[in-house]
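Some notes on the structure that comes next.
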Amino acid sequence: MTPDLEATLAKLPDRPGVYLMKGTRGDVLYVGKAQSLRSRVRSYWQKHGGYGEVHRIREVIDRVADVEYTLTDSVSEALLLEANLIKRYRPRFNVRLKDDKSYPYIKITLGDDFPRIERTRKLLNDGSRYFGPYASASSVDESMNLVRRLFPFRTCTIDIRDGQRALQRPCLLYHIKRCQGPCIEAISKADYRADITQVELFLEGRQETLVRALGDEMANAAEREDYERAAVLRDKIRAIERTMESQKMAAFARTELDLVGLARQDSQAAVQLFAIRNGKLIGRDVYLLDAARDAGDDEVIEGFLLQYYTRATSVPSQVFIPSRLSDTADVEAFLAARRGGPVHLHVPQRGEKRELMALATRNATETLAREQARWLADQGKTLVALEELAEALGLPGPPLRIECYDISNFQGRESVGSMVVFEDGKPRSGEYRRFRIRSVTGSNDFASHQEVLRRRFRRATAGEEGNEEERRWKLPDLVIVDGGKGQVSAAKEVLDELGLHDLPLAGLAKEREELFLPGRVDPVLLPPTSSALYLVQRIRDEAHRFAIAYHRDLRSKASVRSAFDDLAGVGPKRRRALLRVFGSVKRVREAPVEQIAAVPGISRALAEKIKATLEA
């Protein structure tokens, strides 16, 4: 700790506020909020901190050169300021929404005489009405298309004023009944505004109120014998009711709530948000976040709630979350200030809400899996990851071919090894290999790794004496073994034994995701949000999955041995024939010899032997 930093910490006030931890170049490393700046910030430099995230961001403490802070009147204000500063600086050690600057909204330009409804990515204080934010442009387009079918509105940007004809002839949209023609004064300002009010009710999820209003209008049109208008209103009511039926959730009748489901993988997280208004599901979007692996679920959820509701145009009275927060009261106060009324956070324990939480979690998990697959398919990101890995490990160039090895066994039995191959950051499943450990007895991870590596790299050193399959196995640019210093040392012995002294080697330990290198005491720690760390984790996890799958397959085969396997003269073909006729060993045992001998391929003598063996 520098003298300047020590002096700053000594002067911290015992008041609520927000603090920024900065590096030597002035870059913001971490943003936090506190009820007491003095207690919270100082705790990071204590040997045993009292806050959960103290241990998680221990890595950043050594990089902090300065701490800046801003006082607030309350923790609620501190939460709002924290969310805005995370959005502004995007510090690497905070939970943060991906691309949160560009989430789209639906905007109704209420300041115009004839308002327009449009998609926007800017939330301005210009008198317009905003709905959102939505997770993607496609979500906005889906809502916009539904509104456009039900309520024709103008999409042009020409200046239209009440009592002033803007054009001599309308555009095509008017003729196909997708616009009401305010540009030619085909609709009055009051009638047009009434339709915009209906759009607002629809986007708010107040469809019942809207249907009642349209029903009254339809009845009035019928009384005036304006049957064409009444028919249009009837069709609109039916379309809205169909939408309501598809959205209806009977368990939540008259309920206003948001429900948040969470899924996590490595340094990525996905949040599925279900927005329910008046018992209807009016929105279901998935938001992606960057979150350090050591961050707790409560911290990820809190980070999402603060950043999402800072810019949300609607805050419900209830928010259901998958786990409790450490600062529940502060977050509820923050949400209440945004809503202008009380807001309560709940963790569903049973019933329909618990089932809906499970559904939201499944949706978030599937989205995260698709996002990771998309990441692996992104050539630009994988190239960056390979370059970062090469720089961190001191390799001469990006490791275009990486092989990773893992060992799996059950209490020392059925021990197997796996080898997975990634080229250009993408899996080459056709070149995966699996090994059944032969020379090692019991659970010996070091010796098992040595056997697998010795069998694999003997192929690489076979040269012209090996067969075509052996010569085809080219050397990788990097070998990764699952484990720490012990596994690396064992692997290095085998590579030196085979003359592969210069083959790059590293071990990836699970606990802190450290990379161990031969002959180096201190491990390499990749930044928690780096593409290189994400790539090696994916490769290691794939090797583990492949080893586990082979190990389970062997255990399954060993557990299904039947009495037929010990019958002399009964091979796979005769065994299948017996099972096809009798269905089980028990029925063969109970059958008479004549019935057994009637099975194709079974002689009388063999039938007698089978019967005697099974009865014994």
Side-chain angles (χ1 to χ4, degrees), residues 12-21 28 30-44 46 49-57 60 67-91 93-97 100 133 256-262 269 271 273 287 289-292 294-348 357:
L12 287 170
D14 187 19
R15 292 182 54 187
V18 175
Y19 55 91
L20 286 78
M21 293 182 177
V28 178
Y30 185 77
V31 175
K33 54 87 179 57
Q35 175 71 49
S36 170
L37 287 169
R38 175 180 298 174
S39 300
R40 173 63 65 95
V41 178
R42 286 181 175 182
S43 69
Y44 290 107
Q46 294 173 2
Y51 297 97
E53 76 269 25
V54 170
H55 301 290
R56 183 182 69 76
I57 68 166
V60 74
V67 174
E68 293 183 3
Y69 61 89
T70 301
L71 298 177
T72 60
D73 291 331
S74 65
V75 177
S76 180
E77 289 184 13
L79 288 168
L80 177 59
L81 179 58
E82 178 193 25
N84 288 328
L85 291 175
I86 290 174
K87 177 183 176 182
R88 176 181 177 184
Y89 292 111
R90 300 188 62 78
F93 290 97
N94 280 96
V95 174
R96 58 188 188 276
L97 280 168
D100 62 342
E256 176 190 6
L257 65 87
D258 282 353
L259 187 140
V260 173
L262 174 68
V271 167
L273 179 71
Y287 298 84
L289 303 94
D290 288 319
D294 295 334
D297 288 351
D298 61 334
E299 186 178 352
V300 177
I301 296 166
E302 181 177 326
F304 169 77
L305 295 179
L306 297 181
Q307 295 175 61
Y308 175 78
Y309 287 111
T310 295
R311 51 191 62 85
T313 59
S314 172
V315 181
S317 59
Q318 299 182 79
V319 179
F320 285 81
I321 54 179
S323 60
R324 298 193 181 278
L325 307 182
S326 57
D327 299 326
T328 298
D330 293 338
V331 176
E332 285 181 339
F334 164 77
L335 296 176
R338 299 289 296 166
R339 181 175 184 266
V343 177
H344 300 288
L345 298 176
H346 303 284
V347 179
M357 178 65 74

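We number each residue from 1, following the sequence as shown.
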Donor-acceptor pair, [X] side chain versus [Y] backbone, under 3.5 Å?
| X | Y | result |
| --- | --- | --- |
| Q307 | V95 | yes |
| Q35 | V75 | no |
| N84 | L80 | yes |
| R338 | Y309 | yes |

Between [X] and [Y], which heavy-atom pair has the shortest distance, and what is it?
| X | Y | answer |
| --- | --- | --- |
| G17 | A78 | O-CB, 3.8 Å |
| A83 | T310 | CB-OG1, 3.3 Å |
| P348 | F320 | CD-CD2, 3.8 Å |
| E256 | S317 | O-OG, 3.6 Å |
| V260 | M357 | O-SD, 3.0 Å |
| P342 | A336 | CA-CB, 4.2 Å |

### Query
Parallel, tilted or perpendicular for Y287 and F304, by the 30°/60° rule?
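The arrangement is tilted - the two ring planes meet at 30° to 60°.
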
### Task
Kindly assign one of parallel, tilted or perpendicular to the pair H346 and H344, based on the angle between their ring planes and the thresholds 30° and 60°.
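Geometry flag for H344 against H346: tilted rings.
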
How long is the gap from [atom1] on [X] to [atom2] on [Y], to the nearest 0.5 Å?
| X | Y | atom1 | atom2 | value |
| --- | --- | --- | --- | --- |
| I321 | T328 | CD1 | OG1 | 6.0 Å |
| E332 | L305 | CD | CG | 10.5 Å |
| I301 | L289 | CD1 | CG | 10.5 Å |
| E299 | N94 | CD | CG | 7.5 Å |
| L345 | S323 | CG | OG | 11.0 Å |

Would you mind reporting whether [Y] and [X] have side-chain heavy atoms less than 4.5 Å apart?
| X | Y | result |
| --- | --- | --- |
| Y308 | L273 | yes |
| L20 | Y89 | yes |
| V331 | V319 | no |
| L71 | P13 | yes |
| L79 | D327 | no |

### Message
As a test of understanding, state which of Y44, Y30, Y69 forms a side-chain hydrogen bond (donor to acceptor under 3.5 Å, both in side chains) with Y19.
### Response
Y44

### Task
Please step through salt bridge (Lys or Arg N to Asp or Glu O under 4.0 Å) for the pair K33 and D330, ending with a clear verdict.
CA-CA 11 Å; K33 54 87 179 57; D330 293 338; over 6 Å; no

### Task
Could you check D14 against R38 for salt bridge (Lys or Arg N to Asp or Glu O under 4.0 Å), going step by step and ending with a plain yes or no?
CA-CA 5 Å; D14 187 19; R38 175 180 298 174; 5.4 Å; no

